[in-house]
S.K.: 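Just passing along the structure, written as structure tokens.
Order of appearance sets the numbers: ligands from 1, and atoms from 1 within every ligand. Numbers for residues simply follow the sequence, beginning at 1. The analysis underlying the following values was restricted to heavy atoms, covering all of them including side chains, and did not include hydrogens, waters or symmetry mates.
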Amino acid sequence: MRFSRRLFMTVAAAVIAAPVYAAEKLSVVATTGMIADAARQVGGELVDVRGLMGPGVDPHAYRQTRTDIVAMTRADLVLWHGLYLEAQMEDFFHDLGAKRRVVAVAEGLPKEVLKGHDDYADKFDPHVWMDPELWSLVVAEVRDSLIELQPESQVVFEANAAAHLAEIAKLSGYSSKAMATVPAEARVLLTAHDAFGYFGSAYGFEVLGIQGISTQSEAGLNRISTLVDMLVDRQVSAIFVESSVSDRNIRALIEGAAAKGHEIKIGGELFSDAMGIEGTYEGTYVGMIDHNVTVIADALGGDVPMRGMQNKLSAGS
Ligand code: ZN
């Protein structure tokens, strides 16, 4: 008994002390916070993930910095979204793909689940993370990419992915239930840019963005005045700002409606193309969507727990 206990301690000490193991973590670089989160969830202890785009960063406009380029050229695996989300980085990734292992994780989604893109006839709406069911397919792609990179860790990646996918399934259930509590006539979601199309389809909301699917298009005065009329007609009570897009246009709408005698409040700040602060619940994919769903349902007259699906949202978010 004594002997085996000692043996156990020796083995445990060896595992803890193994510096080689730590140095051999796979190095993964991901563009958006959502993809970085998927890589962390699936890779667990076996990966070291660097996300290029932090809180409040707009992926449509982002260009790689010199530090990013160094990190990507040294990485074992580079994950980007694709579907023209990182519009300014497309050429860079196509070149990098000749030298490094590079995967566009959303490019492989079946075309029949994708929505068209108003701004470009031959492209799709990239904001698939807004529907947890679609995001599950991306998480599976991240899992498969990691397995391809390190087949000997397949069991670990599969187990981690299964646990994360179960959590996303729970999130999907919570979102459907939460959105169903919003009165039917209030199911209008107006945000700074068209990031919520998949969200609208998943939960039966009419979705309007002031700017198009990309933040790179400017909203004209005509667009603003058409939207003001619609908000007044429909008696929409709340519209939303986004953490990664300027709220200038949202304020113009509120002022425009006020001039016509209709008061609109800001329903809250949503995470559209970037997550919350790293290290917080809102800085994870599940927390980001939980936040959005809870804020939207609450602002539009639904009935949801104040602190979300698992009571983890920061107070007042
Ligand atoms: Zn966007």
S.K.: Show the numbers, then the answer: is there a ring pair (Phe, Tyr, Trp, His ring centres under 6.0 Å) between Phe271 and His291?
M.R.: CA-CA 8 Å; Phe271 298 115; His291 166 94; 4.7 Å; yes

S.K.: Just by distance, do the side chain of Asn292 and the backbone of Leu270 share a donor-acceptor pair under 3.5 Å?
M.R.: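 No.
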
S.K.: Could you state the interatomic distance from CD1 (Ile239) to OG1 (Thr191), rounded to the nearest 0.5 Å?
M.R.: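 Spacing of CD1 (Ile239) from OG1 (Thr191) equals 9.5 Å.
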
S.K.: Enumerate the protein N/O/S atoms at a distance below 2.8 Å from the Zn ion (ligand 1), ignoring waters.
M.R.: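 Result, waters dropped: His60 NE2, His127 NE2, His193 NE2, Asp273 OD2.
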
S.K.: Between atom CD of Gln150 and atom CZ of Phe157, what is the distance when rounded to the nearest 0.5 Å?
M.R.: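 That separation rounds to 5.0 Å.
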
S.K.: Run the salt-bridge test on Asp68 and Arg63 with the 4.0 Å N-O cut-off and return the result as yes or no.
M.R.: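 Salt bridge flag = no for Arg63 with Asp68.
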
S.K.: Which donor-acceptor pairs under 3.5 Å do side chains of residues 72-82 form with protein atoms, sequence neighbours excluded?
M.R.:
{"from": "Thr73", "atom 1": "OG1", "to": "Ile69", "atom 2": "O", "distance (Å)": "2.9"}
{"from": "Thr73", "atom 1": "OG1", "to": "Val70", "atom 2": "O", "distance (Å)": "3.0"}
{"from": "Asp76", "atom 1": "OD2", "to": "Ser27", "atom 2": "N", "distance (Å)": "2.7"}
{"from": "His81", "atom 1": "NE2", "to": "Pro126", "atom 2": "O", "distance (Å)": "2.7"}

